[in-house]
Asks: 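Attaching a single structure in structure tokens format; questions to follow.
The first residue in the sequence is number 1, and the count goes up from there. Read the numbers this way: they start at 1 and go in the same order the structure lists the ligands and their atoms. Values in this document were obtained by computation on a predicted structure and should not be read as measured data.
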Amino acid sequence: MAIVTVSAAASHVGKIRSNNQDSGFAGETLFAVADGMGGHAGGDVASALALNRLAEIDGQYNSAVDAEFALQEAIVAANAVLTETVYEHPELTGMGTTLSALVRVGHSVALAHIGDSRVYRLRDDVLTQITVDHTFVQRLVDSGRITAEEAKTHPRRSVLMRVLGDVDAAPEVDLQVMDTRPGDRWMLCSDGLSGVVERDDIEKILKNTIAPRDAANALIKESLDHGAPDNVTVVVVDVHQSFETPEVTPVVVGSAAQPIAFEQTTGRRTTRMTSIPGIPGLRLHPRGPASTEPSHFEPESDDYLDELIEEDRRRSRRRKVTWLVGVLVVLALIAAGLYAGYRWTQTRYYVGASNGSVAIFQGVQQSVGPIELSHVFQETDIPTDALPPFNQRQVENTISADSVTAALEIVKRLSDAAAEGGTGDGTDAGTGTGTSTNPATPPPTSPPTGAAP
Ligand code: CA
């Protein structure tokens, strides 16, 4: 058995707009939706030109990768067609179109997407949105600035970041290959459906309607029931297994189904660029009440600037946070250095006087503010006044020791000197241990401690 598709396409101008700028296509293997923009005579031309160029690749492919490549080539070619058309018809400057397309090859589909039309897949009664909108609000959602719920009502939800048109020479198109299987139902639509009808309602209709034609019509009707403020286009594609391959007649709907008419209205419609400085390709995608006034798709510059300014503010706040984190890191490093320094001081010892007796101190004889960097490590029962005068002065001025052992040796020598009844010959008890006193220079008699350099 072969994999086949049964499909349907439908498009409606909606209840408010005066012309249909959407185009839809359901062919042998190719299915597509294009939603044009560009005001009076641009949007319909753009979507029709793009879709007609794309329709040329409807056919059989050896692999989904081949189909993906064909889609990519056709979209680049369609973009070139738009650019050339604007060159020949300057009154169409600023026209553009979204394009979402899939080509089914066996158990795969190749997808191409630019703009805010959507591709959904219903599988096992669960509707999944496959494409990601190239809209300003989607960017805000992606960066966590607003929620998906807020995006639905965001004042700038119509702003497109990417479209086919005469602005970008190299349009950035999302391409991917996915698997498909019998029972899958694919649905492509313009934002006249997805922006108007809740996702759950779309899912319900796709789940509960058997024939693709009925499903497409029911979705259009649902949009109309919601007021249909925009053109609405739907393509439904069912994947089946079948013994016979049905004969397919491609279906074209929307503006692509009409002959393309260029309105030579150069005098009335000046060449307006709808791109925003600094953001190439940013367009306003008309969605509100229909109007043929150019102002309808003219960017609301102040609003954009406000949004951009707000974005800059957020960026600057992020920079501040980064700066603060940097400062904290530096402070932490300084603290770590101080702590390491303190730890080092605690590996030092000295012998001095405590409460009239010789004592071993741990640390160095310094203080940092209120923090003393030394404390009594061990007291002895050697009264300082039992020492020979020279040793007494040494103790008063403290004797440094590199280790506890060295300190204990000093204490031992002082003890020996004291045992001789303070009549010793003034042997330098601290020799070789880096004594803080200079035997050649009699130290001052006071203060008793803290005189070490
Ligand atoms: Ca639309």
Asks: Would a distance-only check, ignoring hydrogens and angles, find a side-chain to backbone donor-acceptor pair under 3.5 Å from S223 to L193?
Replies: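 No, because the side chain of S223 does not come within donor-acceptor range (under 3.5 Å) of the backbone of L193.
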
Asks: Is a side-chain N or O of D58 found less than 3.5 angstrom from the main chain of T29, in a donor-acceptor match?
Replies: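 Yes, the answer is positive, given that a donor and an acceptor are paired below the 3.5 Å cut-off.
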
Asks: Between F136 and H154, what is the ring plane arrangement, given parallel below 30°, perpendicular above 60°, and tilted in between?
Replies: perpendicular

Asks: Check whether more than 12 heavy atoms from other residues, nucleotides or ligands sit under 6.0 Å from atom CZ of R318, and answer yes or no.
Replies: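 It does: R318 CZ has more than 12 such atoms within range.
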
Asks: Would you name the N/O/S atom of D35 that lies closest to the Ca ion (ligand 1)?
Replies: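 So the atom name we want here is OD2.
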
Asks: Restricting to N, O or S, what is the name of the atom of D191 that lies nearest the Ca ion (ligand 1)?
Replies: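 Restricting D191 to its N, O and S atoms, the minimum distance to the Ca ion (ligand 1) goes to OD1.
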
Asks: Among Q138, R139, R145, which residue meets the side chain to side chain donor-acceptor pair (under 3.5 Å) test with D142?
Replies: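 It is Q138; the other options fail the test.
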
Asks: Tell me, please, if D22 has any N/O/S atom, main chain or side chain, under 3.0 Å from the Ca ion (ligand 1)?
Replies: no

Asks: Quick check: does D116 have an N/O/S atom under 3.0 Å of the Ca ion (ligand 1)?
Replies: no

Asks: Could you tell me which N, O or S atom of D230 is nearest to the Ca ion (ligand 1)?
Replies: OD2

